[in-house]
Amino acid sequence: MRYLAVTDNATGATVLMTPEEVEALTAIDADEIAWAIEECGVCNSLDHTILDTRSEQEILAVG
């Protein structure tokens with residue numbers, strides 16, 4: 001399921017991706033992305049900003 005909104009910091013373009021797709025694009029481990037979003041609400045790198053678009057209920061239902 002594509003639920004991570006990945007914004008290219010250079011262009012501002014945003015696309016929804018799966019954790020695996022984001023990992024391949026950014027070279028950031030999917031577990032690190034999940035941790036950063038859980039702790040900070042966002043995962044930032046020099047090139048991308050990653051947000052989880054799921055509702056709290058969806059996240060709790062999965063976890």
Side-chain angles (χ1 to χ4, degrees):
M1 182 172 133
R2 291 186 168 127
Y3 61 87
L4 294 174
V6 182
T7 302
D8 184 307
N9 293 336
T11 67
T14 301
V15 64
L16 289 177
M17 301 179 124
T18 66
E20 295 79 16
E21 291 170 330
V22 177
E23 184 175 40
L25 174 69
T26 64
I28 301 171
D29 184 74
D31 291 333
E32 290 183 35
I33 294 168
W35 175 86
I37 291 173
E38 184 178 320
E39 292 295 315
C40 305
V42 64
C43 179
N44 287 311
S45 72
L46 290 176
D47 299 319
H48 300 91
T49 301
I50 307 162
L51 297 169
D52 191 328
T53 63
R54 298 176 296 174
S55 69
E56 182 178 353
Q57 290 79 19
E58 290 174 306
I59 294 170
L60 291 175
V62 172

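Predicted, not measured: the structure shown is a model, and the values here were computed from it.
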Stepwise, does the side-chain contact (heavy atoms from CB on, under 4.5 Å) test hold for Leu4 with Asp52?
CA-CA 5 Å; Leu4 294 174; Asp52 191 328; 4.2 Å; yes

Partners of Glu21 by salt bridge (Lys or Arg N to Asp or Glu O under 4.0 Å), sequence neighbours excluded?
Arg2

Given 3.5 Å as the limit, does a donor-acceptor pair link the side chain of Thr53 with the main chain of Tyr3, or not?
yes

Do Thr14 and Leu51 have side chains that get closer than 4.5 Å, going by heavy atoms?
no

Please find the pair of heavy atoms, one from Met1 and one from Pro19, that lie closest to each other, and give the distance.
O-CD, 4.4 Å

In this structure, NE2 of His48 is separated from OG1 of Thr7 (nearest 0.5 Å) by 9.0 Å

Of all pairs that satisfy side-chain hydrogen bond (donor to acceptor under 3.5 Å, both in side chains), the ones with a partner from residues 25-47, not counting sequence neighbours:
Asn44-Thr49

Is there a path of hydrophobic side-chain contacts, each under 4.5 Å between heavy atoms, that joins Leu25 and Leu16?
no

My understanding is that only residues two or more places apart in sequence, or in another chain, count here; which of them pass side-chain contact (heavy atoms from CB on, under 4.5 Å) with Ala36?
Cys43

Answer yes if Val42 and Val6 sit in the same cluster of Ile, Leu, Val, Met, Phe, Trp and Tyr residues linked by side chain heavy atoms under 4.5 Å apart, and no otherwise.
no

